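This is a predicted model, so every value here is computed, not measured.
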Amino acid sequence: LLLKMALSRRDAWERSAEMLSQTGLNPPERFLKSYPHQLSGGQRQRAMIAMALACRPKLLLADEPTTALDVSMRGQILDLLDTLQRETGTAVLMITHDLNLVQRFADRVAVMEQGHVVEHGPVHQVLNQPQHPYTRKLVDSKPQRHLAPVPSQALLVAEAKDLRVSYRTRLPGWRGWFKAGAFVAVDRVSFSIRRGETLGILGESGSGKSTLALALLGLLPFQGQLQVMGQGWQHHHQSDLPLRRVVQVVFQDPFSSLSPRMTVEDVVGEGLRVHQPGLSAQERQAQVNQVLAEVGMRESEFPGLLQRYPHEFSGGQRQRIAVARALVLQPQLLVLDEPTSALDVSIQKQLLQLLQTLQAERGLSYLLITHDMDVIQAMAHQVMVMKDGQVVESGETQAVLAQPRHTYTQTLVQASAPAIARS
């Protein structure tokens, strides 16, 4: 705004606050004074969108602009782009793997495979009457629900009662000299997860989903009761080490969660070095090969697999490696933090099928954090809807999503419904 619009600092500040507010970052004054690491992933994405739209561009290149956003915020961002187009005539080249987003926003669509455009035309024509096999594959890639029922007497893997997580904050003015304030990120949350069960957590960015996951992983101090396999976190390295083997995590972005300086063998085998230091190099390598084969990564298909680095694989393959890293310790509970949001729809379906198969074969329990309603419907036995750190609705997944009682849940369900292509 200072360089391209020649605004004064005061006007640039006001315009910045206006843009942040339009992208859902309220109160904007708080976020203007924040650093990126103090924001959630979705909040950072909104700030990036505000920065891109601030100078009212003639052409906006939108590369997966809503990937990290919840469904309600996606709608707000698309409405903002619509407004920008009407007011300024801005053209948008949108890159996405979200077909609902294409239907909602695009006038025309081009489908690309291996560097070539295999089909293009009006959105309603291409998506409703796909001609190319690859387009048909994308259209038919909605996740399918294949879940075994969970017996009521199944082993209780994790349980929380009145869980509360708060962060220290600085109070404004002279009061901040004498005492600190507190921001409550998770407030009186209770849940349970049984063996072979998936608990899905829905909520907008900043609702407390990831904070809840960090508490479950024993990475944040908390108040209330929280047990994994009947044990509580002691927040002491040696005392918690056996429990850390029981609960593992798969992160949202496989590229940033895998060290670029470690080979696949080192990445997957790192946990074995910590938890089973007595294994020989050959025994460790055998376990690494076994778990990689279990997630569909075999030496026969990927020559030199163990000595390759993460950047040599696709996003879906990297996420399979991340799953293997979590599984190698034979955990009871996996925390899945947006595990498919960085993947295209066909790879999403493959990964979800893999997770369903592993759950059936190993009796794994999942805590699944996502803003994708299709993923929740396909994967979760139970669902909790979080807003502002609190659970506003919970219950059996299909019952909650079919007849949501809370207005916020109703908003999420309506926002995730397939949109009608623009005329």
Side-chain angles (χ1 to χ4, degrees), residues 15-16 18-26 28 31 39-112 120-128 138-139 141-142 202-207 252 338 340-345 348 370-376 387 407-423:
R15 172 66 175 159
S16 298
E18 177 188 344
M19 292 305 303
L20 289 182
S21 181
Q22 285 183 324
T23 55
L25 293 177
N26 290 300
F31 292 97
L39 308 182
S40 70
Q43 290 168 341
R44 285 194 293 267
Q45 186 77 329
R46 292 184 228 176
M48 288 293 296
I49 291 170
M51 186 170 70
L53 297 179
C55 293
R56 302 183 180 276
K58 296 298 183 185
L59 173 63
L60 180 66
L61 305 180
D63 189 356
E64 300 284 5
T66 61
T67 293
L69 304 181
D70 58 83
V71 289
S72 59
M73 185 49 59
R74 288 182 192 179
Q76 293 180 35
I77 294 301
L78 293 179
D79 289 341
L80 180 60
L81 292 175
D82 276 338
T83 301
L84 181 70
Q85 284 192 314
R86 287 196 301 268
E87 292 179 352
T88 66
T90 298
V92 178
L93 176 64
M94 180 173 287
I95 302 167
T96 184
H97 57 248
D98 188 333
L99 296 185
N100 284 337
L101 189 65
V102 172
Q103 287 182 309
R104 162 67 177 82
F105 186 79
D107 300 295
R108 294 183 298 120
V109 61
V111 181
M112 294 191 68
H120 64 88
V123 168
H124 63 88
Q125 176 183 320
V126 172
L127 298 187
N128 292 332
L138 292 180
V139 172
S141 290
K142 183 176 181 178
L202 277 173
E204 61 190 358
S205 179
S207 63
Q252 176 176 359
E338 301 280 8
T340 63
S341 66
L343 308 177
D344 66 74
V345 287
Q348 281 185 22
T370 184
H371 54 244
D372 191 322
M373 205 69 67
D374 287 340
V375 173
I376 285 288
K387 180 174 174 59
T407 54
Y408 179 66
T409 312
Q410 293 169 0
T411 299
L412 293 181
V413 172
Q414 291 170 2
S416 66
I420 300 175
R422 298 200 302 185
S423 59

Does any non-hydrogen side-chain atom of [Y] lie less than 4.5 Å from one of [X]?
| X | Y | value |
| --- | --- | --- |
| Asp82 | Arg104 | yes |
| Gln103 | Asn100 | yes |
| Leu78 | Met94 | yes |

Tell me the closest heavy-atom pair linking [X] and [Y], and the distance in Å.
| X | Y | answer |
| --- | --- | --- |
| Asp372 | Asp374 | OD1-N, 2.9 Å |
| Leu138 | Leu99 | O-CD1, 3.4 Å |
| Leu59 | Thr90 | N-CG2, 4.2 Å |
| Ala62 | Val92 | CB-CG1, 4.2 Å |
| Glu204 | Tyr408 | N-OH, 2.9 Å |

Legend entry - Test side-chain contact (heavy atoms from CB on, under 4.5 Å) applied to Glu338 and His371, step by step: CA-CA 8 Å; Glu338 301 280 8; His371 54 244; 3.0 Å; yes
Inset, instruction - Please round to the nearest 0.5 Å and tell me the distance separating atom CE of Met112 and atom NE2 of His120. - result: 11.5 Å
Inset, instruction - Measure from the side-chain N and O atoms of Glu64 to the backbone N and O of His97, and report whether any donor-acceptor pair falls under 3.5 Å. - result: yes
Quiz: residues 19-26 side-chain donor-acceptor pairs under 3.5 angstrom, not counting sequence neighbours:
unit_1, atom_1, unit_2, atom_2, d
Ser21, OG, Asn26, OD1, 2.9
Thr23, OG1, Met19, O, 3.2
Thr23, OG1, Leu20, O, 3.0

Inset, instruction - Only counting residues at least two apart or in another chain, list the ones meeting side chain to side chain donor-acceptor pair (under 3.5 Å) with Asp98. - result: Arg74
Inset, instruction - Quick one: list whatever passes side chain to side chain contact (heavy atoms under 4.5 Å, CB included) with Ser16, sequence neighbours left out. - result: Leu1, Leu32
